[in-house]
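Within every chain, numbering begins at 1; the chains are lettered A, B, ... in the order of the sequence lines, protein sequences first and strands thereafter.
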Amino acid sequence: MQKTTNSYGRIYDVVKHIPEGKVMTYGQVARIANVATPRVVGFALHVNPDEQHIPCHRVVFADGSLTQGYAFGGEGVQKERLLKEGVVFTQKGKVDLENSLCRTLSNS
DNA sequence: CTCTTGACCATGT
DNA sequence: AACATGGCCAAGA
């Protein structure tokens, strides 16, 4: 596993491994995927070659806010999707990182 | 090879 | 608290 495909392959693998009801920040994914900067993560998800198998909606900002600028299928759909998965949101419209942030994958 | 842009993050004002 | 700037790395033209 974790074959050294490209940095992208690692990103997709990590994102696909995000458990339901949990979310990860771009920086977190970048760190676990051994990617240089979170920008590459965002870029990788942007190309999104397997959107049906890559839950990019489970990837959020470090603040817990959702993707600004572009949605994978509509505006606000991401939030609806996360809510349906069991992710908790705050009154501020952000993800409750205290409860939904996946840190179990933190690879030392 | 060089320049620009990009689904970010942290800091400063 | 909100807005603006800098820095990081990679891919496209």
Q | side-chain contact (heavy atoms from CB on, under 4.5 Å) partners of N99(A), counting only residues at least two apart | A | D96(A)
Q. Taking all atoms of both residues into account, what is the closest heavy-atom pair of L97(A) and L101(A), and its distance?
A. O-CB, 2.8 Å
Q: Might you point out which heavy atoms bring A44(A) and I11(A) nearest each other, and give the distance in Å?
A: CB-CD1, 3.6 Å
Q | Among H57(A), R58(A), K22(A), side-chain hydrogen bond (donor to acceptor under 3.5 Å, both in side chains) partner for E85(A) | A |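 Of all the options given, the one that passes is R58(A).
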Q. Could you run down nucleotides 5-11 of chain B 5' to 3' and tag each one B, S or - for protein heavy-atom contact under 4.0 Å?
A. -BBBSS-
Q) Between F89(A) and K94(A), is there a cation-pi geometry (under 6.0 Å to ring centre, at most 45° from the normal)? A)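 Verdict for F89(A): no cation-pi partner in K94(A).
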Q. Going 5' to 3' along DNA chain C, which nucleotides are the first and last within contact of chain A (any atom under 4.0 Å from a heavy atom)?
A. dG7(C) to dA11(C)
(Q) Please report the interatomic distance CG(D50(A)) to CG(L45(A)), rounded to the nearest 0.5 Å. (A)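 Those atoms lie 11.5 Å apart.
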Q. ring-ring contact (aromatic ring centres under 6.0 Å, His included) with Y26(A): which residues, sequence neighbours excluded?
A. F61(A)
Q: Could you check which residues of residues 93-100 of chain A get a heavy atom under 4.0 Å from DNA chain B? Sort them by number, please.
A: none
Q. Under the side chain to side chain donor-acceptor pair (under 3.5 Å) test, which residues partner T67(A), sequence neighbours left out?
A. Q78(A)
Q | Minimum side-chain heavy-atom gap V23(A)-V59(A) below 4.5 Å | A |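 No. Closest side-chain heavy atoms not under 4.5 Å.
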Q: Look at atom NZ of K16(A) and say whether more than 12 heavy atoms of other residues, nucleotides or ligands are closer to it than 6.0 Å.
A: yes
